[in-house]
Amino acid sequence: MSAPPDEMPKQYSPTESEARWYEFWESSGFFAASEDPDDTRPTYTLAIPPPNVTGSLHMGHACRTTFEDVLCRHKRMQGYNTLWVPGIDHAGIATQVVVERQLKKEGLTRHDLGREKFIERVWEWKAQSGDRILEQLRKMGASCDWPRTKFTMDPDMVRAVREAFVRLYEEGLIYRDTRLVNWDVAAQTVLSDLEVEQEENVEGTMFDFAYRLADGDGEVVVSTTRPETMLGDTAVAIHPDDRRYFHLHGKYVRHPFVDRLIPIVLDAELVDVELGTGVVKVTPAHDPNDFATGKRHGLEEINIFNLDGTMNENTGPFQGLDRFEARKAVEIELSNLGLTRGNKKHMMTLPRSQRSGTIVEPMISTQWFVNMTPLADPAIEVVEDGTIQILPQEWTKTYFHWLHNIQDWCISRQLWWGHPIPAWYCEACDHVTVAREDPSACAGCGGSQIRQDEDVLDTWFSSGLWPFSTLGWPDDTFTLRRFYPTQDMETGYDILFFWVARMVMMGLHFTGKVPFTRVLLAGLVTDERGEKMSKVKGNVIDPLDVINGATLAELVQKAEAAGAKKAGIKYLEATYPDGFVPYGADALRMTLLSYSPQSRRIALSIKRIEGYRNFANKLWNASRYALMRLSDSQTVASQTRPEPKSLANRWVLSRLYHALDVTSTGLDAYRLDEASQALYHFVWDEFCDWYLEMSKPALDGGDAALVRETEATLVHALETVLRALHPMMPHITEEIWQRVPKWGEAPSSIMITRFPTALIDAKADRSAERAFEVVQAFVGSTRTIRAEHDVPKSHPMRIHWHSAEDAKRSVLEAERATIETLARCEMVFEADPAKLDDPAAHFKNAAVFVNPGVRAAVPEVIDTDKERDRLQRDLKKIERELGAVEKKLGNPSFLERAPEAVVEKSKRDASELREKRERLEAALNSL
RNA sequence: GGGCGGGUAGCUCAGCGGUAGAGCGCUGGCCUUACAAGCCGGAUGUCGCAGGUUCGACCCCUGUCCCGCCCACCA
């Protein structure tokens, strides 16, 4: 291991430290899960959502990685045999598009290369991109078990995918069929329903035109937003009960452009009498509704498009036109024929390809499908009965809704990059051979003229097997038995259907077990305005830039290279005029953790990262202080908590108890925000702002016993909070922890220590907390006076005080040294409380109420006007509060119906407020 | 068309039946030997709107208006 430098500089610098410790952990084997058969620890397994090999990681991945790493490190420290399986996804269509774009820059298409060369090219890309991604995960501090890294196209994954496909086929759940599918004319592949995004509220035109009756007598008027599809019309439908059109029953219309008679069919399902003219054109080959109608009536399905979206040979004079040109052309021609019947604006939704962004064309095509209904039912059950828990819970409904309405999954893709479909077609007979091993002959007729299906599988097919394929499935391996089912599946809600639901279905089907027991869904990381990060908008924040720092020039250059528009660059320059300093992975992690994981949006702000960078520095300096004070002593952090006597020491242990309690609850309930906030506030607001300050007089004083217990408590609290923070800020906690003097058998790294718990490592001490509140109030009041009256710190104030309550008096007496240091004052006990109000005495100005039962006055306050203002403001506030409480107490129903404790508390509040008011009034009068 | 989520301090968001919170920002004062990436003070809210339930509502119910997202074969 590499020892940290001995001296601690004033500023913590993450850059060098983070790399050093990561290397130490990895080379020490701390990330490895144990396969030792004698290891009896319970296991905790989490499969990484494998990032796509489409480039480098973005902030969403950083967020995923952080959450997952916190879960894993926490479990590991709790004594679980923890396995975090890393990996990467081949991401079929996405990756192919990226590589094709590269080729385009060289003036090539994939067809120029040919399939084999192209795939080689993608593998090259994969090597680069994959390595970069794994490196980035390391930079984030991810404690993955690296030797187990999987790629979804590794040989063992290929085998798993094949096995899954063949089994489903043999079970009749995978089948081949010709139906209307979503066609991406740019990528020239079919898409699943999920890969089609609906662009809402697009303004379109509803276009009316007439078909003339074939017998020459009259016409029917139909409406469409897509006039070009009329070239594929093979029927016109009316409602069977529509009286207006009884005369049309059994008749035909003539197509104006192609030589075709079109039947008028009666269809109660398709036609809504109320809508439009009540006559519907039917294009079975290009509209889902019409497709179904065509099936009902045995209509001809005429495809009018080529695969690239141009018009085909069935479109007569329009052949060769692009589909949108054809739309215009058809309108013009109809108009020329006098068949147009007007048009109007129409709001509609447009289906777009998630990948290429082009408008998806419904087309008839033969594809492979999975019959989902039999798989969906068990997947619904395990969530209903709580075997799998989805967080945040409201997603459960969405999950159910989707599964209840599930459609068969189109799994074939007309791509080159992906898992080949293990199906072979026979030249001689119709038989389709689906096999685990490449066949040499047709399984039907034995003929050797067979040809493999050229398509590949949807990338999510292999992803669906991920939790168990990565552990050795289909073999019944020791690893699989030990680590499957996994526990947590942490991912983005946007792939709940794409991935999570499919893993549940596949897992149940193939292993008979749920693949995981908790689904943790996080929101989308956006820029600080809440806008989605996009290369074009120039608002992408690269995690590595945040960690390592980047100048504005570098940011701009990168954004430009990524294709950002001018406005995007401007935004970038305006928002980050100084670029990023190296904030470090810990600061970024802590920032991401601070956002509520149940929120749908994580609007990342650099300011916030800066805040947590500052927190890291705060922790650093607090440690620096603590270690400096310990340097000459024998004190070491021990595994047993000290039992101190002094108020400050007892208090800090009690606050530590509270912080650890909230932290543990938060980590268990997946409220990482609450867990991290509890530690943040403990460290900064309590440990640093109060405890460390109080430790100074204690350590400087002559009381040897107090010095001893303070040192013990100080080092204990520090060491404990470091362990608690380690899952969130792994690097800095290690950097500091290594310097903390520790017990004899201490482990070599903080990451393999025991995670602290409130009951063992801290101690709730209600009486210490109550007593400390008196001290805090006293110190706070004096500080306020000092600030309000511009009394310089160099000017020691003398505070005369009184309390009739023995308990409070003894607390204040006992803590005199502490208070006098914190408040920079001298405390003088005034035996006669009346003196504090005596205008004739010194106290004519700043009589101040400290808290119920304690009063104090400062004699030498300078500014009477300011004091009056302050008192009046306080008085007003108190009167408002008192008014509310008194109103409540004046309500007989309240006294009768409210729980006793609530009533008691209100009464107590009221009397305290009255006392306070009285004092303030007296003070005002004495001015 | 259906569903989900949100509207709380200038900004970004927690909270959720018992007297409104954080971070950042704003503001006054401090280079107090752990930390100026800091310390000590201070200001700031008709908790979207309207009803209802309740002794009591930011929190529960109903309605309503905005904003975002998801699902859906809306000629």
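Sequence lines set the chain letters: A, B, ... in the order given, protein chains first and strands last, and positions in each chain run from 1.
Listed by residue number, A:Ser596, A:Gln598 are the residues of residues 590-598 of chain A with a heavy-atom contact under 4.0 Å to RNA chain B.
Annotation: A:Tyr612 is in aromatic contact with A:Tyr680 [ring centroid separation under 6.0 Å].
Within 4.0 Å of A:Pro899, counting heavy atoms only, lies at least one base atom of the nucleic acid. When heavy atoms are screened at a 4.0 angstrom cut-off, A:Leu524 is found touching no nucleic acid atom at all.
To the nearest whole angstrom, the two C1' atoms, one in B:G15 and one in B:G3, are 26 Å apart. Across B:A9 and B:U44, the matching C1' atoms stand 6 Å from one another, rounded to whole Å. Taking the C1' atoms as reference points, B:G48 lies 12 Å from B:C58, given to the whole Å.
Evaluation of the side chain to side chain contact (heavy atoms under 4.5 Å, CB included) rule for A:Glu394 yields A:Pro392 as partners, not counting sequence neighbours. Residues that satisfy the side chain to side chain donor-acceptor pair (under 3.5 Å) test with A:Thr224, not counting sequence neighbours, are absent from this structure. Evaluation of the side chain to side chain donor-acceptor pair (under 3.5 Å) rule for A:Glu301 yields A:Lys295 as partners, not counting sequence neighbours. Partners of A:Asp287 by side chain to side chain contact (heavy atoms under 4.5 Å, CB included), not counting sequence neighbours, listed by chain and number: A:Asn289, A:Asp290. The side chain to side chain contact (heavy atoms under 4.5 Å, CB included) test applied to A:Lys10 returns A:Arg624, not counting sequence neighbours. Under the side chain to side chain donor-acceptor pair (under 3.5 Å) criterion, A:Arg608 pairs with A:Ser594, not counting sequence neighbours.
No hydrogens or angles considered: a donor-acceptor pair under 3.5 Å links the side chains of A:Glu195 and A:Ser192.
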B/S/- along nucleotides 31-41 of chain B (protein heavy atoms under 4.0 Å) is -B-BB-BSSSS
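The side chain of A:Arg601 has B:U12 as its nearest neighbour among B:U12, B:G18, B:A22.
A salt bridge (Lys or Arg N to Asp or Glu O under 4.0 Å) check over residues 684-700 of chain A, counting only residues at least two apart or in different chains, returns the pairs A:Arg629-A:Asp700, A:Arg655-A:Glu686, A:Glu693-A:Lys696. Residue pairs meeting the ring pair (Phe, Tyr, Trp, His ring centres under 6.0 Å) criterion with at least one partner in residues 265-297 of chain A, sequence neighbours excluded, are A:His286-A:Phe305.
Between A:Arg786 atom CZ and B:C30 atom C1' the separation is 11 Å, expressed in whole Å.
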Please report, to 0.1 Å, the donor-acceptor pairs under 3.5 Å made by any side chain of residues 574-586 of chain A, with sequence neighbours excluded.
from     : atom 1 : to       : atom 2 : distance (Å)
A:Thr575 : OG1    : A:Tyr571 : O      : 2.5
A:Asp586 : OD1    : A:His731 : N      : 3.3
A:Asp586 : OD1    : A:His731 : ND1    : 2.8
A:Asp586 : OD2    : A:His731 : N      : 3.3
A:Asp586 : OD2    : A:Ile732 : N      : 2.7

Please enumerate all protein N or O atoms sitting under 3.5 Å from an N or O of nucleotides 66-71 of chain B, with distances to 0.1 Å.
none

